[in-house]
Participant: 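Have a look at the structure that comes next, please.
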Amino acid sequence: MNIPRQFYGVNYLSKIVSNYQDKDITYFPKMEYHYLNGLDNINLDKSASYKLGLNADVVYNFLKKLMSDRSCGVEGIAIARGEDVLVNFYRPPYSETTPHITNSTCKTVTAIAVMFALSEERLSLEDKVVSFFGEYESKAIPSLVREITIEHLLTMTSCSKTNELISVCEEDWVKAFLLTDCSREPGSRFIYNSMNTYMLGAIINRVTGESLMDYLTPRLWKPLGISGVKWELCPKGLERGGWGLHISLEGMLKLGMFLSSDGSFHGRQLIHPSFIRMMKNKKVFQDTDRLSTGYGYQIWHLPDGMYMLSGMYGQHIIINEAKRMVVARGEPP
């Protein structure tokens with residue numbers, strides 16, 4: 001049965017409500033963010049459609065159809081070929097530079113951080129997750145959990161029974177992940193789970209001594225000229241990794257450009273291309289929904305050789321490398 005990922009959010013919310021039915025909900029922790037301010041924004045060049053080899057009438061009619069379709073609900077869309085922007089549109093009062101929630105789109109950003117750490121030999125794909133958190137070694141960590149590797153987290157094949165519900169039930173998410181058993185042997189099945197990505201962010205913190213945001217600042221945010229970024233934090237002060245990143249539509253477009261060009265931007269290679277290619281290669285074949293044909297390292301594969309960064313409720317970055325096209329679609333804050 002194919003169920004669009006967007007519907008998972010409804011099920012998630014219903015579980016949160018039922019979880020709180022027998023608990024005191026008069027107190028709810030204040031949302032904390034890691035803000036990155038003071039970064040210079042690099043503006044993208046806008047070009048006429050004919051210079052990009054595109055048909056202006058076709059693009060215009062396509063956008064007009066989207067905006068007039070009440071069932072579509074598109075609030076912002078940007079289209080680029082290479083690093084040249086054809087259109088960058090947002091419904092008022094927001095703009096293409098206004099940061100907005102990206103939901104699971106940011107999972108790929110966390111994976112990019114892991115690629116940088118791999119390139120710097122700070123970790124390896126075969127490293128066991130439990131090896132980074134020695135303070136829990138004396139706990140009753142299930143034997144299958146001890147077998148989970150970084151690659152299992154990247155490919156959503158850890159088979160961990162933890163899920164996003166621990167974000168409203170637990171203070172220590174790392175501990176909850178390590179002490180919760182797996183449903184089956186790690187690596188045996190694709191099971192989409194945001195806690196896999198959270199654990200990747202926590203590992204980046206352990207091996208670098210920096211937060212996910214700070215680690216990415218000189219490697220990604222600053223070179224791409226993405227400003228005004230903020231990321232929601234867990235109760236322990238770590239970025240949520242799998243969700244909670246606020247970034248502009250223009251910033252989403254730049255991330256797509258970075259991936260499409262194998263890790264370069266404005267003529268500067270930010271990471272060896274092999275690590276981005278490794279990340280984009282299809283590792284898992286699955287049919288979670290009607291769109292997807294497989295999964296790389298926190299990247300969805302689509303038909304016709306395209307791939308996508310995908311977040312709930314329509315946060316998408318869709319890339320067609322053969323045509324050098326990047327499309328970003330966002331929602332307001």
Side-chain angles (χ1 to χ4, degrees), residues 30-44 75-78 80 83 85 88 90 93-117 167 194 197-198 200-205 208-234 236-261 263-266 268 270-271 276 279 298-299 309-317 319 326 328-333:
K30 178 183 177 182
M31 180 67 72
E32 299 289 345
Y33 298 90
H34 186 160
Y35 292 87
L36 281 186
N37 296 312
L39 292 179
D40 294 328
N41 187 67
I42 296 176
N43 295 319
L44 295 171
E75 297 293 339
I77 189 167
E83 292 185 2
V85 179
N88 200 334
Y90 230 118
Y94 308 108
S95 74
E96 62 268 19
T97 58
T98 304
H100 61 88
I101 186 68
T102 58
N103 297 322
S104 290
T105 303
C106 68
K107 285 181 169 65
T108 313
V109 176
T110 302
I112 289 172
V114 175
M115 294 302 106
F116 275 111
S167 67
S194 294
T197 322
Y198 169 77
L200 289 172
I203 289 170
I204 290 296
N205 173 256
T208 68
E210 298 180 273
S211 69
L212 193 55
M213 287 275 271
D214 288 339
Y215 179 66
L216 284 173
T217 294
R219 296 166 177 83
L220 190 71
W221 305 129
K222 187 174 181 180
L224 266 58
I226 299 177
S227 61
V229 187
K230 66 177 182 179
W231 210 323
E232 297 170 12
L233 302 177
C234 76
K236 293 294 185 180
L238 300 177
E239 290 88 351
R240 300 189 175 207
W243 70 101
L245 177 67
H246 296 242
I247 191 173
S248 67
L249 187 68
E250 186 177 79
M252 292 173 70
L253 204 60
K254 291 174 181 176
L255 289 173
M257 294 172 179
F258 168 83
L259 292 170
S260 177
S261 62
S264 70
F265 184 72
H266 277 13
R268 178 186 173 192
L270 306 180
I271 183 174
I276 300 301
M279 177 182 171
Q298 311 278 298
I299 286 181
L309 290 65
S310 178
M312 193 167 62
Y313 305 127
Q315 316 294 332
H316 300 308
I317 304 172
I319 301 166
V326 179
R329 185 248 197 247
E331 289 286 342

Participant: For the residue pair Ser227 and Asp40, what are the closest heavy atoms and their distance?
Facilitator: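 The answer is CB-C, 4.5 Å.
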Participant: Could you walk me through whether Asn37 and Lys230 pass the side-chain contact (heavy atoms from CB on, under 4.5 Å) test, one step at a time?
Facilitator: CA-CA 9 Å; Asn37 296 312; Lys230 66 177 182 179; over 6 Å; no
Participant: Go through it in stages, so that I can follow the logic: the residues are Met213 and Leu220, the test is side-chain contact (heavy atoms from CB on, under 4.5 Å), and I'd like the CA-CA distance, side-chain angles, deciding distance and then a yes or no.
Facilitator: CA-CA 10 Å; Met213 287 275 271; Leu220 190 71; over 6 Å; no
Participant: Check Gly76 against Leu249 and note the closest heavy-atom contact, atom names and distance.
Facilitator: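 Looks like C-CD2, 3.9 Å.
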Participant: So Ile271 and Phe258, do their side chains get closer than 4.5 Å, heavy atoms only?
Facilitator: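 With C-beta onward as the side chain, the pair touches.
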Participant: Without swapping roles, check the side chain of Ser104 against the backbone of Ser310 for a donor-acceptor pair under 3.5 Å.
Facilitator: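 A pair under 3.5 Å: no.
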Participant: Test Ile247 against every option in Thr105, Ile101, Thr102 by the side-chain contact (heavy atoms from CB on, under 4.5 Å) rule and name the one that passes.
Facilitator: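 Passing option: Thr102.
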Participant: Nearest 0.5 Å, please: how far is CE in Met279 from OG1 in Thr108?
Facilitator: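 Atom-to-atom, Thr108:OG1 and Met279:CE are 5.5 Å apart.
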Participant: Using 0.5 Å steps for rounding, measure from the NE2 atom of His34 to the CG atom of Leu238.
Facilitator: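 That separation rounds to 11.5 Å.
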Participant: Under 4.5 Å between any side-chain heavy atoms of Asn205 and Glu210, yes or no?
Facilitator: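 Not in contact.
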Participant: Does Lys254 reach the main-chain N or O of Gly225 with its side chain, forming a donor-acceptor pair under 3.5 Å?
Facilitator: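 Checking the backbone N and O of Gly225 against the side chain of Lys254, a donor-acceptor pair under 3.5 Å is found.
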Participant: Using atom types as modelled and distance alone, determine if a side-chain donor or acceptor of Asn103 lies under 3.5 Å from a backbone N or O of Gly311.
Facilitator: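 It does not hold such a pair.
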Participant: Determine whether Ile226 and Asn41 make a side-chain contact, defined as any pair of heavy atoms from C-beta on separated by less than 4.5 Å.
Facilitator: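 Result no, sub-4.5 Å side-chain heavy-atom pair not found.
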Participant: Which heavy-atom pair separates Ala328 from Met252 by the least distance, and what is that distance?
Facilitator: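 The answer is CB-CB, 4.0 Å.
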Participant: Rounded to the nearest 0.5 Å, what separation is found between the CD atom of Glu232 and the CG atom of Leu245?
Facilitator: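 Reported value, rounded in 0.5 Å steps: 9.0 Å.
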Participant: Can Ser261 and Ser264 be counted as having a side-chain donor-acceptor contact under 3.5 angstrom?
Facilitator: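 Yes, Ser264 and Ser261 have a side-chain donor paired with an acceptor closer than 3.5 Å.
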Participant: Does the pair Arg329 and Ile317 meet the rule for a side-chain contact (heavy atoms from CB on, under 4.5 Å), with working shown?
Facilitator: CA-CA 6 Å; Arg329 185 248 197 247; Ile317 304 172; over 6 Å; no
Participant: Locate the shortest heavy-atom distance separating Met257 from Leu44; write the atom from each residue and the value.
Facilitator: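 Reported closest heavy-atom pair: CE-CD1, 3.7 Å.
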Participant: Working to the nearest 0.5 angstrom, can you tell me the gap between Leu270 CG and Phe265 CZ?
Facilitator: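 Nearest 0.5 Å value for the CG-CZ distance: 9.0 Å.
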Participant: Is the shortest heavy-atom distance from the side chain of Ile77 to the side chain of Asn88 under 4.5 Å?
Facilitator: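 A side-chain contact is absent here, since even the closest heavy-atom pair is not under 4.5 Å.
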Participant: Evaluate the side-chain proximity of Ile204 to Phe116: yes if any heavy-atom separation is below 4.5 Å, no if none is.
Facilitator: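 SC-SC contact between Phe116 and Ile204 ruled out.
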Participant: How many angstroms lie between NZ in Lys107 and OG in Ser194, if you round to the nearest 0.5 Å?
Facilitator: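 Interatomic distance, Lys107 NZ to Ser194 OG, rounded to 0.5 Å: 2.5 Å.
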Participant: Quick one: do the Asp214 and Ser211 side chains pair a donor with an acceptor below 3.5 Å?
Facilitator: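 A pair is found: one side chain offers a donor N or O, the other an acceptor, under 3.5 Å apart.
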Participant: Would you confirm whether Glu239, through its side chain, and Leu212, through its main-chain N or O, come within 3.5 Å as a donor-acceptor pair?
Facilitator: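 Side chain of Glu239 to backbone of Leu212, a donor-acceptor pair under 3.5 Å: yes, one is there.
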Participant: Between Tyr35 and Val229, is there a side-chain heavy-atom distance shorter than 4.5 Å?
Facilitator: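 In short, these two side chains do not touch, never coming nearer than 4.5 Å.
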Participant: Taking Thr110 for its side chain and Gly241 for its backbone only, find out whether a donor-acceptor pair lies under 3.5 Å.
Facilitator: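 Yes; at least one donor-acceptor contact below 3.5 Å.
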Participant: Counting distance only, does the side-chain N/O of Glu83 pair as donor-acceptor with the main-chain N or O of His266 below 3.5 Å?
Facilitator: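 The answer is yes, because a donor-acceptor pair under 3.5 Å joins these two groups.
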Participant: Could you pull out the closest heavy-atom pair between Trp221 and Leu36, with the gap in Å?
Facilitator: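 So the minimum-distance heavy-atom pair works out to CD1-CD1, 3.2 Å.
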Participant: Carefully, step by step, assess His246 and Trp231 under the rule side-chain contact (heavy atoms from CB on, under 4.5 Å).
Facilitator: CA-CA 6 Å; His246 296 242; Trp231 210 323; over 6 Å; no
Participant: Could you tell me which non-hydrogen atom of Pro218 sits nearest to which non-hydrogen atom of Pro223, and how far apart they are?
Facilitator: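 Minimum heavy-atom contact is O-CG, 3.3 Å.
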Participant: Please confirm whether the backbone N or O of Tyr215 pairs with a side-chain atom of Arg219, one donor and one acceptor, at under 3.5 Å?
Facilitator: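 Between the backbone of Tyr215 and the side chain of Arg219 there is a qualifying donor-acceptor contact (under 3.5 Å).
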